[in-house]
Amino acid sequence: MAIQEVSTPEQSDTPSPSESVVTTMVESADRLRLDREVVDLLRTSWRELHAQLPVRMSDGKLRIFEGYRVQHNGARGPYKGGIRYHPKADLDEVKALAMLMTYKSALMDLPFGGAKGGVMCDPMRMTEHELNILTRTFTDHISMILGVNRDIPAPDMGTNAQTMAWMMDAYGQRYGYTPGIVTGKPVELGGSFGRDQATGRGVSTCMREYARMERSNPGDIRIAVQGYGNVGSWSCRIANGMGFKVVAVSDVKGGLHNPDGIDIAALDKWFAVAGSVAGFPDAIPITNDDLLKIECDYLVPAAVGEVLTAANAPAVKARVVIEAANHPVTPSADAVFAARKIVVLPDILVNAGGVTVSYFEWTQNIQQFRWSLERVNGELESRMTAAFNELATRVAQDGTRHRQAAFDIAVQRVATAIKLRGFI
Ligand code: NAD
């Protein structure tokens, strides 16, 4: 019997997420003429912890989950990065995200290194009790490499403030009360005001600054946002408040299009009941694929990674792609955008609002002090604006693309810290 060959072209010629980040870093190192030894150090992680997580599920059966904590580089400070609960949160993805955290913190000039964690699970299909037990088991298994001055987790896809509360409690049971061990906690447990909206506020600040730079009026700019979770929904709310017109949104269940602008307050009311944007009456239903190709000015992928590929990039109609999600544009799509002169504002700048307010939360916890929401938002906006302007100046000076310039700034800072510390 003949065995049929199954071809998967998108997979075979697409580098893995961690290979893509390494390629971008090496290209930066070449432009910066960095020492090869620094490059070799940055190619791999400092430490990768793989843990087996047995959980007795509500039906009495034992399930063994896999979890990871990857610490990429800590030359600039304690490791920092979120914990992702997702069926596809495999080791390679977590490694790539840990590397991006190193460069994101460096670009924002935060005193942190880069880390990421992941558990391969589907939180949508688990009970609250199962998630609580899984989170405590995971925390116990990685606690020996965590610490307020060592490694500070935060939420990411599939995790939230409640997950961080369980992590803080599990860590505290072993080591004593330590609120600064995680960020993105509930405000009642030492979380910072403004952390929930921070990433979306950072995304919107980038939009506002880009519009200012190109001398456009936000009211004339149509934005399309994929993903209506934490990042996507706050980006829509805050950008809409700045005057931008949100013409399309989507989530995993489907999307909506209204060329005249979607009423975000009404959509939020719909979402609160329906649990999805799908079915919102005052718009035309579209698929997630349609959303990426919709008529708009700024396209904001704010859901999962690798959604813009060589296959759909030629059909994108936006002038600017604003990477709110981590790694939403594959390298081959990036090349298509470069050829089509579509600007891509990179994830390590655009979604850095989250880690920036995590930094504020960590400093507040260390000082046992609380900032007002106004102070958090004001400091965040001024740091995002400064980083945006530094990047724009570098792009203008060097004639590079935004991702290249962002990596050039970040990789140089990390390399300098590595040398000063005497790692090599
Ligand atoms: P979330 O879980 O709150 O929301 C994710 C959204 O994406 C949901 O609306 C979901 O329905 C949608 N979605 C999931 N799979 C999809 C698919 N295949 N197609 C279309 N939509 C899909 O997650 P989040 O915290 O908003 O994170 C979104 C992205 O932003 C991730 O890439 C994450 O790594 C990145 N990010 C988040 C933060 C943060 O502070 N939350 C910070 C930096 C980066």
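Since this is a predicted model, take the numbers as computed values, not measurements. For ligands, and for the atoms within them, numbers begin at 1 and follow the listed sequence.
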Asp251, Val355, Asn326: member with heavy atom nearest to atom 36 (N) of ligand 1: Asn326
Selected option - heavy-atom contact closest to atom 17 (C) of ligand 1, from Val304, Asp196, Thr287: Val304
Ala302 touching ligand 1 at heavy-atom level, < 4.0 angstrom: yes
Salt-bridge criterion met for Glu130 and Arg63 (N-O under 4.0 Å): no
For atom 10 (C) of ligand 1, closest protein heavy-atom neighbour: Val252 N, 4.0 Å
Per-atom contacts, ligand 1 versus Asn351 - under 4.0 Å to a heavy atom: 43 (C), 44 (C)
Over-ring placement of Arg222 relative to Tyr298, 6.0 Å and 45° cut-offs: no
Ionic contact status for Lys185 with Glu361, cut-off 4.0 Å: yes
Distance filter under 4.0 Å to Thr199 heavy atoms, resulting ligand 1 atoms: 38 (C), 39 (C), 40 (O), 42 (C), 43 (C)
Residue and atom name of the nearest protein heavy atom (relative to atom 9 (O) of ligand 1), distance in Å to one decimal: Tyr228 N, 3.0 Å
Protein residue, atom and distance nearest to atom 21 (N) of ligand 1, heavy-atom basis: Ala303 CB, 3.5 Å
Cationic N near anionic O, under 4.0 Å, Asp151 to Lys80: no
